[in-house]
Amino acid sequence: MLLASIIIYLLLTVAIGYWASRKVKTSGDYMLAGRSLPLLLSSSALFATWFGSETVFGASSEFLKGGLYSVIEDPFGAALCLVLFGLFFARKFYTMNLLTLGDFFKVRFGKRTELVASAFLAPPYVGYIAAQLVAMGLILKVVTGIEIWQGVVLAAVVVTCYTYVGGMWAISITDFIQSIIIISGLLVLAVILAQRLAV
C-alpha cells in the first residue's frame, strides 16, 4: 500500500509537469510562472522548498541530539533570512523585472560580477538539493529495500523531468501538494504521539 502510494505520487508529479507545460510560453513563464502565481501556490512553494524533507528528517534528528541550539541555523535561521529578504529586497527586485539574483549583480556591477556572484551562489544549493534527494532515497530504501543511491537517482530523474518540462508552474503545484502531505503527516504524528504519551 505504501509503495503504491509513493509510485502514484511520483507519477502524479511528472503528470503535473506535463500539464503545467501548457502554461509556459516565455522564459518568464518558465522561470517565474509569468509572475502570476496565486498567493497560496507561492506560499506553499516557499514552505515546501525551505522546509522540506531535509528539515523534517535532518532538523528533527539534530534537535534530538543537541537541543534547540542545534537547529538555530535551520529552520530558524533560514526562516529569518527569508523574512529579511522579503522585507528589504523582494519588492525592489520584483520592480526591476529580474529573473535571478545573479541578474541584480549584472545590472548593478556588470557581467563579470554576475559570473563571480553566481559561482558563489550555486554551490550551497548542491548540498541543499542533495539533502532532499537523499531523504527520498532513504524513504525508498525503507519501503522497497533498494540501495539509497538508486533511490537518489530515481528521485533526481523525477524532479528533473517535471521541472524541465513545466518550470516554475510545475514546481509550485507539486510543492503545494508536498506542503499538504508534510503538514498532514506531521499533524498525524503529533496526534499519535500525544495519544501514546497520554496512556
Side-chain angles (χ1 to χ4, degrees), residues 2-56 78 82 85-86 90-91 93-107 114-115 117-118 121-140 143-144 146 149-185:
L2 186 57
L3 178 58
S5 299
I6 292 173
I7 292 171
I8 291 169
Y9 167 75
L10 293 176
L11 292 174
L12 177 64
T13 57
V14 174
I16 287 170
Y18 280 98
W19 175 82
S21 67
R22 296 184 301 177
K23 293 179 169 285
V24 177
K25 302 290 188 286
T26 67
S27 61
D29 292 337
Y30 186 82
M31 296 285 289
L32 301 173
R35 296 177 181 267
S36 59
L37 275 178
L39 180 62
L40 182 62
L41 282 183
S42 57
S43 300
S44 61
L46 187 66
F47 172 79
T49 300
W50 284 93
F51 304 101
S53 55
E54 88 293 341
T55 300
V56 173
L82 289 173
F85 188 86
R91 185 181 299 274
F93 284 11
Y94 183 83
T95 57
M96 292 175 70
N97 202 28
L98 303 175
L99 290 178
T100 67
L101 192 56
D103 289 342
F104 170 76
F105 292 100
K106 179 181 179 182
V107 170
E114 176 196 21
L115 292 174
S118 298
L121 288 168
Y125 284 94
V126 173
Y128 178 77
I129 293 168
Q132 301 274 15
L133 297 176
V134 168
M136 187 63 183
L138 287 169
I139 291 171
L140 290 173
V143 174
T144 67
I146 66 173
W149 71 267
Q150 294 171 326
V152 168
V153 170
L154 177 61
V157 168
V158 170
V159 172
T160 301
C161 183
Y162 73 71
T163 302
Y164 175 76
V165 172
M168 184 55 79
W169 276 110
I171 293 169
S172 299
I173 296 169
T174 54
D175 280 350
F176 174 70
I177 295 169
Q178 290 166 14
S179 296
I180 293 172
I181 293 171
I182 291 169
I183 294 170
S184 301

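Small disclaimer: the values here were computed from a predicted structure and weren't measured. By convention here, the first residue in the shown sequence is residue 1.
- Checked against side-chain hydrogen bond (donor to acceptor under 3.5 Å, both in side chains), Thr100 has the following partners two or more places apart in sequence or in another chain: Asp103.
- For Ser179 (side chain) and Ser44 (main-chain N/O), a donor-acceptor pair under 3.5 Å exists by modelled atom type.
- Between Thr13 atom OG1 and Gln178 atom CD the span is 8.0 Å, to the nearest 0.5 Å.
- Considering all non-hydrogen atoms of both residues, Ser118 and Pro123 come closest at O-CD, 4.4 Å.
- Separation of atoms CG (Leu140) and CD1 (Ile7) is listed at 9.0 Å; rounding is to 0.5 Å.
- Using a distance-only test at 3.5 Å, with no hydrogens or angles considered, a donor-acceptor pair links the side chain of Asp29 to the main chain of Thr26.
- Applying the side-chain contact (heavy atoms from CB on, under 4.5 Å) criterion to Leu101, with sequence neighbours excluded, gives Phe85, Phe93, Phe105, Leu121.
- Note: Leu133 CG to Leu138 CG = 11.0 Å, rounded to the nearest 0.5 Å.
- The side-chain contact (heavy atoms from CB on, under 4.5 Å) check on Leu39 picks up Ser42, Ser43, with sequence neighbours excluded.
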Table please: side-chain donor-acceptor pairs of residues 151-171 below 3.5 Å, with sequence neighbours left out.
unit_1	atom_1	unit_2	atom_2	d
Thr160	OG1	Ala156	O	2.7
Thr163	OG1	Val159	O	2.7

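- Atoms CD1 and CD1, from Ile8 and Ile6 in turn, are 10.5 Å apart once rounded to the nearest 0.5 Å.
- Legend: residues meeting ring-ring contact (aromatic ring centres under 6.0 Å, His included) with Tyr18, ordered by chain and number and at least two apart, are absent.
- Applying the side-chain contact (heavy atoms from CB on, under 4.5 Å) rule to Ile177 yields the partners Tyr9, Leu12, Ile16, Ile181; only residues at least two apart in sequence or on another chain are considered.
- Side-chain atoms of Ile173 and Lys23, non-hydrogen and from C-beta on, never get closer than 4.5 Å to each other.
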